[in-house]
Amino acid sequence: MSEALQSLLDLLDLERIEEDIYRGRSRSAVVPRVFGGQVAAQAMVAAGRTVPEDRHAHSLHAYFLRPGDPGAPIVYNVDRLRDGRSFTTRRVVAVQHGKPIFTLSASFQTYEEGLDHQAPMPPAPDPATLPTGEERLRSYPHLPADTVERFLETRAAVDLRYVDDPPYGDFGTPREPHSQVWFRTNGKLADDPLLHVVLATYVSDMTLLDSVLLAHGRGGWAVGDVVGASLDHAMWFHRPFRADEWLLYDQQSPSASGGRGLGQARIYTQDGRLAVSVVQEGVVRVPREH
């Protein structure tokens with residue numbers, strides 16, 4: 001396991017301070033606030049620790065309410081909304097400085113046989129044929145060196161490979177609002193299914209709004225031609241998967257309006273199983289000229 005992955009796992013390993021109350025810490029991100037994927041992942045850890053081991057996450061629905069302060073701890077309060085025969089529901093509120101910054105509802109289910117079908121996996125090149133994230137980032141001379149280093153630091157725990165140039169690599173001309181990324185953790189993980197859900201939740205917030213930027217030829221936060229933040233985030237976990245094995249994150253944007261952009265995505269295992277569906281809306285604004 002890489003040192004960066006161990007550091008991320010330590011970050012997501014919350015401290016229990018009371019019954020159904022947990023405390024997490026933060027670290028720096030590319031933007032000067034807590035990375036949304038971190039808060040969502042930590043909230044899933046808090047929820048999952050109150051659920052029996054035979055019940056696995058099948059969905060989450062979250063709202064980002066306020067920017068998180070990376071210099072302060074985050075307290076996660078878990079409400080046990082329901083414990084049924086098949087389903088368990090939890091609500092988590094993340095608090096900083098006495099105010100909620102994030103809320104999450106998560107549902108867990110016992111294993112059950114049932115109808116089974118899925119959308120086919122779209123074509124995508126083998127991840128081994130693609131440049132690494134570091135190789136891509138260092139190939140863009142227009143990116144400031146400190147921006148490149150921040151990206152590399154915050155993504156060091158994950159091997160994330162774009163199929164095509166990301167928005168900040170090739171911008172100025174609108175492209176199809178579709179982006180594909182392969183990802184896996186930089187090291188093997190334990191067999192705990194919740195851990196793989198938590199890591200996928202963490203990574204899912206890294207690139208989902210890229211397709212919004214592509215549609216308008218914008219480079220994004222890395223080049224400063226838009227400002228924005230996540231508003232809400234939803235995930236449905238359809239089939240078992242491992243976050244330490246290659247996953248294809250196929251993303252698109254059907255709409256942007258009112259200062260908001262919508263991203264939709266599907267995550268497939270390398271052998272073609274649809275593992276996760278994801279939807280996110282975020283604030284995407286063009287900076288005003290003074």
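Sequential numbering from 1 along the given sequence is applied to the chain's residues. None of the values given here were measured: they were computed from a predicted structure.
You'll find the side chain of Tyr76 stays beyond 4.5 Å of the side chain of Glu15, heavy atoms only.
In this structure, Phe102 has its ring center no closer than 6.0 Å to that of His233. Aromatic pair Tyr268/Tyr249: centroids not less than 6.0 angstrom apart.
No hydrogens or angles considered: nothing links the side chains of Ser253 and Gln264 as a donor-acceptor pair under 3.5 Å. For Gln96 and Asp69, the side-chain atoms include no donor-acceptor pair closer than 3.5 Å. A donor-acceptor contact under 3.5 angstrom links the side chains of Thr50 and Arg90, judged on distance only. Side-chain atoms of His61 and Asp232 form no donor-acceptor pair, as typed in the model, at a separation below 3.5 Å. Under 3.5 Å, the side chains of Ser105 and Arg91 contain no donor-acceptor pair of N or O atoms. Counted by atom type alone, Tyr111 and Glu113 present one or more donor-acceptor pairs between their side chains at under 3.5 Å.
No single ILVMFWY cluster, assembled from side-chain heavy atoms under 4.5 Å apart, contains both Val95 and Val39.
Using a 4.0 Å cut-off between charged side-chain N and carboxylate O, Asp191 and Arg242 make a salt bridge. Using a 4.0 Å cut-off between a side-chain N of Lys or Arg and a carboxylate O of Asp or Glu, Arg138 and Glu149 qualify as a salt bridge. The pair Arg80-Asp20 meets the salt-bridge criterion, since a charged nitrogen lies less than 4.0 angstrom from a carboxylate oxygen.
Scanning all heavy atoms of the two residues, the minimum distance from Gln118 to Leu274 falls at OE1-N, 3.0 Å.
Between Arg239 and the options Val276, Thr269, Asp116, a side-chain contact (heavy atoms from CB on, under 4.5 Å) holds for only Asp116.
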- After noting the C-alpha distance and the side-chain angles of Gln280 and Asp205, does the key distance pass the side-chain hydrogen bond (donor to acceptor under 3.5 Å, both in side chains) rule? CA-CA 8 Å; Gln280 182 183 75; Asp205 191 39; 2.6 Å; yes

